[in-house]
Structures are given as C-alpha cells and as structure tokens.
Amino acid sequence: MTAKQIAIDGPAGAGKSTIAKMLAQHLGYVYIDTGAMYRAVALLAQRRAVSPEDQIALASLVQEARIQLDRNGHVFLNGEDVTQEIRLPEVGNMASAVSAVAAVREALVRQQREMASQQGVVMDGRDIGTVVLPQADCKIFLTASSRVRAERRTKELLEKGLSADLEQIQREIEERDYRDSHREISPLRQAEDAFLLDSSELDIPQVLEKMISLAEAKL
Ligand code: DC
C-alpha cells in the first residue's frame with residue numbers, strides 16, 4: 001500500500017494547522033506543518049543577520065538547517081527546540097520573504113516529499129496540492145476572511161501573553177497574503193482539484209467534521 005497523502009493549503013490564519021493536526025490524529029497519520037519549516041529557516045536567517053534579499057546566503061543557509069518535526073508538534077532546528085520562537089510575528093514576516101527564494105523552496109520541497117513517501121501524512125502549507133504533492137489523495141483549500149483570520153491570530157497571541165493589535169495584524173495578514181499569492185514561484189493558489197472550504201462562519205469542530213468527511217470519501 002502506498003502512503004496516503006492529504007494536502008491542505010490556504011492563507012495564513014485560516015486554521016490550517018489546528019485542523020490538520022486534528023485530522024491527522026483522527027486518521028492516524030503524521031501531521032507535517034510546512035510553514036514551520038519555512039519559519040525555522042527564517043529564524044536561522046534572522047539569528048545570522050542574513051538579509052531576505054541575499055539569495056546566495058539563503059541558499060547556503062538552508063543547507064545548514066536540519067529541521068525535524070516530531071509527532072507532538074515540536075519543531076527542532078539543528079537539535080534545538082524552536083517550537084515557540086518560530087511563532088513570533090517577526091519570524092512569520094521573515095518566513096514569507098525567505099519562502100520566495102527558489103533555493104529555499106527546492107530544499108524544503110525535497111524534504112517534504114521525502115517525509116510524505118514514508119507514511120500517511122496530512123501536510124499543510126501554501127503549495128502542497130499544487131507543487132509538493134500534486135498526486136495527493138485528497139486536497140483541501142481552507143480559507144476565511146482576513147478580518148476573521150486577524151481576530152483568531154490576535155486571540156492566540158493574547159492567550160500566550162504576547163501583545164497584539166487587531167488592525168495591525170489584519171494589515172500584516174493582507175500584506176502576507178498578497179506576497180504569498182503574487183510571488184513568482186509556487187504562489188499561493190487553489191489546485192484545480194482541491195475542495196474549497198471557507199471557515200469564516202464555522203467553528204473548529206464544524207471544520208473538522210467537514211474535513212473528515214471529505215478525506216474519508218477520498219481514501
Ligand atoms: O503557515 P505559516 O504562517 O506558518 O507560514 C509561514 C510562511 O511560510 C508564509 O508566509 C508562507 C510560507 N509558506 C510557503 O511559502 N509554503 C508553504 N508550503 C508553507 C509556508
């Protein structure tokens with residue numbers, strides 16, 4: 001039996017990682033958060049003071065970044081647990097810039113395909129259904145309005161004791177959406193054979209239920 005693949009794409013803050021993790025648990029698959037991989041490279045770039053415009057430096061940096069994701073959702077960068085640090089908004093902004101660099105994408109896409117060849121996966125990102133796993137068994141494009149996504153992100157940050165400004169977060173989300181969907185390589189877009197799911201008016205259990213029925217129909 002070949003390893004089953006579920007691809008979930010969509011813009012920042014649509015609830016992809018929360019739902020993808022739950023879906024993976026329900027199906028007994030491994031959850032792979034590809035955004036966390038771009039964030040880990042961004043964190044390394046930030047620490048080394050590498051500019052997101054310096055493509056040559058980023059190409060060599062990505063070769064140095066050993067990224068591991070464990071079953072509990074922890075992210076390790078060269079052996080160090082960076083799970084919390086990669087969630088900082090400035091790392092997210094850096095990740096958006098770093099992810100537009102071809103050499104970074106090539107290196108991470110290779111690792112992602114390798115991961116998906118070994119076990120059943122639920123993989124989330126921006127280009128999973130279009131580029132990373134075009135043959136995925138089930139593709140879902142999860143979205144929500146930018147206002148709703150900003151409200152969710154604000155709540156998340158406040159719950160973690162971090163400061164958050166709703167208007168600013170919404171602006172950043174919209175800027176990031178624009179960059180992610182207008183970049184030259186692997187822009188954020190819905191695969192032709194992906195199911196579009198708008199979570200603006202749905203709560204987590206409702207989205208999960210919908211996803212389970214979509215996934216189970218295809219497996
Ligand atoms: O989903 P996220 O916010 O953790 O992703 C961080 C950044 O990485 C985001 O700006 C888009 C980029 N990304 C990407 O280009 N391709 C992916 N498969 C996943 C994330």
Side-chain angles (χ1 to χ4, degrees), residues 5-21 23-24 31-46 52 55 58 61-62 65 67 69 73-75 77 82-116 121-134 136 139-144 146 148-150 152-154 156-157 160 162 164 169-191 194 199:
Q5 301 173 339
I6 297 178
I8 302 178
D9 291 300
K16 294 189 304 288
S17 56
T18 307
I19 306 288
K21 211 177 293 167
L23 181 63
Y31 165 57
I32 298 171
D33 176 358
T34 63
M37 298 171 75
Y38 288 95
R39 285 171 179 268
V41 174
L43 178 63
L44 189 60
Q46 204 181 49
Q55 305 208 0
L58 287 169
L61 194 80
V62 73
I67 302 163
L69 308 175
H74 287 255
V75 183
L77 172 62
V82 293
T83 313
Q84 304 288 335
E85 211 175 339
I86 59 166
R87 295 295 151 201
L88 293 171
E90 61 267 29
V91 179
N93 290 333
M94 182 73 162
S96 176
V98 159
S99 67
V101 176
V104 171
R105 300 204 73 84
E106 277 162 28
L108 295 186
V109 166
R110 202 175 315 120
Q111 288 182 33
Q112 290 154 11
R113 287 185 181 144
E114 170 85 26
M115 290 169 170
V121 292
V122 175
M123 190 176 279
D124 82 16
R126 304 293 192 284
D127 60 338
I128 312 305
T130 50
V131 175
V132 183
L133 306 175
K139 299 181 185 178
I140 298 164
F141 194 84
L142 183 64
T143 190
S146 63
V148 167
R149 289 185 282 134
R152 291 176 185 162
R153 196 64 110 197
T154 303
E156 246 170 50
L157 291 168
K160 284 185 193 153
L162 298 165
I169 289 177
Q170 184 174 353
R171 264 197 312 276
E172 283 174 5
I173 282 181
E174 286 170 358
E175 281 166 19
R176 189 128 63 97
D177 283 357
Y178 187 86
R179 275 203 304 273
D180 290 346
S181 50
H182 287 82
R183 68 181 175 216
E184 249 169 69
I185 34 165
S186 306
L188 168 66
R189 76 178 169 80
Q190 184 184 345
S199 75

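Just so it is clear, the model here is predicted, and its values are computed rather than measured. Nothing fancy with the numbering, it's 1 onward along the sequence. Just so you know, ligand 1 is whichever comes first in the structure, and atom 1 is the first atom listed for that ligand. Hydrogens, waters and symmetry mates are skipped; everything else that's a heavy atom, side chains included, is used.
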Among all the protein's non-hydrogen atoms, which is closest to [atom], and how far away is it?
| atom | value |
| --- | --- |
| atom 6 (C) of ligand 1 | Arg39 NE, 3.8 Å |
| atom 16 (N) of ligand 1 | Arg105 NH2, 3.0 Å |
| atom 12 (C) of ligand 1 | Ser99 OG, 3.6 Å |
| atom 19 (C) of ligand 1 | Thr34 OG1, 3.3 Å |

Among [options], which residue places a heavy atom closest to [atom]?
| atom | options | result |
| --- | --- | --- |
| atom 13 (N) of ligand 1 | Arg153, Arg126, Met94 | Arg126 |
| atom 20 (C) of ligand 1 | Ser17, Ala14, Gly35 | Gly35 |
| atom 7 (C) of ligand 1 | Pro11, Gly10, Ala7, Ala95 | Ala95 |

Output yes when a side-chain donor or acceptor of Arg183 lies under 3.5 Å from a complementary backbone atom of Ala100, and no otherwise.
-> no

Is there a donor-acceptor contact under 3.5 Å from the side chain of Lys16 to the main chain of Pro11?
-> yes

Are Arg153 and Glu156 within salt-bridge range, i.e. N to O under 4.0 Å?
-> yes

What atoms of ligand 1 come closer than 4.0 angstrom to any heavy atom of Asp127?
-> 16 (N), 17 (C), 18 (N)

Numbered atoms of ligand 1 (with element) below 4.0 Å of Ser96, judged on heavy atoms | 10 (O)

Would you say Asp180 has any N or O atom under 3.5 Å from an N or O of ligand 1, going by distance alone?
-> yes

Can an N or O of Asp124 be found at a distance shorter than 3.5 Å from an N or O of ligand 1?
-> no

Check whether any heavy atom of Arg183 sits under 4.0 Å from an atom of ligand 1.
-> yes

